[in-house]
Amino acid sequence: MERGEKRLTANDKGLVRDSWERLGKNKLPHGTVMFARLFELDPELLKLFHYNTAFTSAQECLSSPEFIDHISKVMLVIDAAVSHLDDLQSLAEYLVNLGRKHQAVGVKTQSFNAVGESLLYMLERSLGPGYSTELRDAWVTLYAIVVETMSSGWTENGENKSD
């Protein structure tokens, strides 16, 4: 999975693992902060989340049981990536399939930029003084590897990555 220039050093892996652990066992509040920020950065993404009804506000979406389940799943994906830092290749097929699923519901690859910014925002807010440039860079590298792998699901399905 680690292609191109994106490489996690042993130090990066330690920083990511430690910071993820510092968020505690219950990641749902952190995921809620992340998605609240995502909807601030890209309000159009709210339209992708229409379960039984269309949501009229980000808060309505964030508090719906279906969306809470979605937040939990996203946090589990991040948890899996953190748990497999020494063998991210083992997640490649899963992430490619996850990319295909996101494409099927209308997510565009450029939306991952806003998701990445939201992830960093959540980490900074949640970790406070424990959030450093070095830690940010480690998470940026991990996120880039995950996104590159997920994005290959779009490429396999025929979407141009620049769409």
* Contact check, side chains of L28 and M75, non-hydrogen atoms, under 4.5 Å -> no
* Asked: Do we see a donor-acceptor contact under 3.5 Å between the side chains of D69 and S72?
  -> no
* Structure fact -> CZ of R37 to CG of D42, rounded to nearest 0.5 Å, is 11.5 Å
* Calculate, to the nearest 0.5 Å, the distance between atoms CG and CG belonging to L127 and L23 respectively. => 5.0 Å
* Asked: Would you say L91 and L76 are hydrophobically clustered, going by side-chain heavy atoms of ILVMFWY under 4.5 Å?
  -> no
* Ionic contact status for D12 with R17, cut-off 4.0 Å -> no
* **Close side-chain approach of L38 to M34, heavy-atom, < 4.5 Å** => no
* What class does the angle between the rings of F67 and F39 fall in, given that below 30° is parallel, 30 to 60° is tilted and above 60° is perpendicular? -> tilted
* Hey, could you give me the CG/OG distance between L135 and S19, rounded to the nearest 0.5 Å? => 4.5 Å
* **V16 versus A138, closest heavy-atom pair with distance** => CG2-CB, 3.8 Å
* Asked: Is there side-chain contact between V74 and F35, with heavy atoms separated by less than 4.5 Å?
  -> yes
* Which is it for R7 and T141 under the side-chain contact (heavy atoms from CB on, under 4.5 Å) test, yes or no, and what are the steps along the way? -> CA-CA 7 Å; R7 297 274 184 245; T141 301; 5.7 Å; no
* Asked: Do you know the tightest heavy-atom contact between A114 and L41?
  -> O-CD1, 3.7 Å
* Close side-chain approach of V77 and L95, heavy atoms under 4.5 Å -> yes
* Asked: Is there side-chain contact between W20 and K27, with heavy atoms separated by less than 4.5 Å?
  -> yes
* Closest heavy-atom contact between E40 and P43? -> O-CD, 3.9 Å
* Asked: With side chains defined as the heavy atoms from C-beta onward, is the minimum distance between D87 and S90 less than 4.5 Å?
  -> yes
* How far apart are the C-alpha atoms of T149 and Y94, what are their side-chain angles, what is the distance that settles it, and do they pass the side-chain contact (heavy atoms from CB on, under 4.5 Å) test? -> CA-CA 9 Å; T149 306; Y94 172 76; over 6 Å; no
* Is there a side-chain contact between D137 and E134 (heavy atoms, below 4.5 Å)? -> no
* Rounded to the nearest 0.5 Å, how far apart are NZ of K47 and SG of C61? -> 13.5 Å
* Is the backbone of L123 close enough, under 3.5 Å, to the side chain of H30 for a donor and an acceptor to pair up by distance? -> no
* To do: Measure the spacing between CG of L98 and CE of M150 and express it to the nearest 0.5 Å.
  => 4.0 Å
* Going through the checks in order, is the side-chain contact (heavy atoms from CB on, under 4.5 Å) test met by L119 and V115? -> CA-CA 6 Å; L119 172 64; V115 174; 5.6 Å; no
* Structure fact -> Correct closest heavy-atom pair for V105 and L48 would be O-CD2, 3.4 Å
* To do: Answer yes or no: does atom CZ of R125 have more than 12 heavy-atom neighbours from other residues, nucleotides or ligands under 6.0 Å?
  => no
* **Under 3.5 Å: donor-acceptor pair, side chain of S126, backbone of M122** => yes
* Mind checking whether L88 and I145 have side chains closer than 4.5 Å, heavy atoms only? -> yes
* Structure fact -> In this structure, OH of Y143 is separated from CG of N113 (nearest 0.5 Å) by 7.5 Å
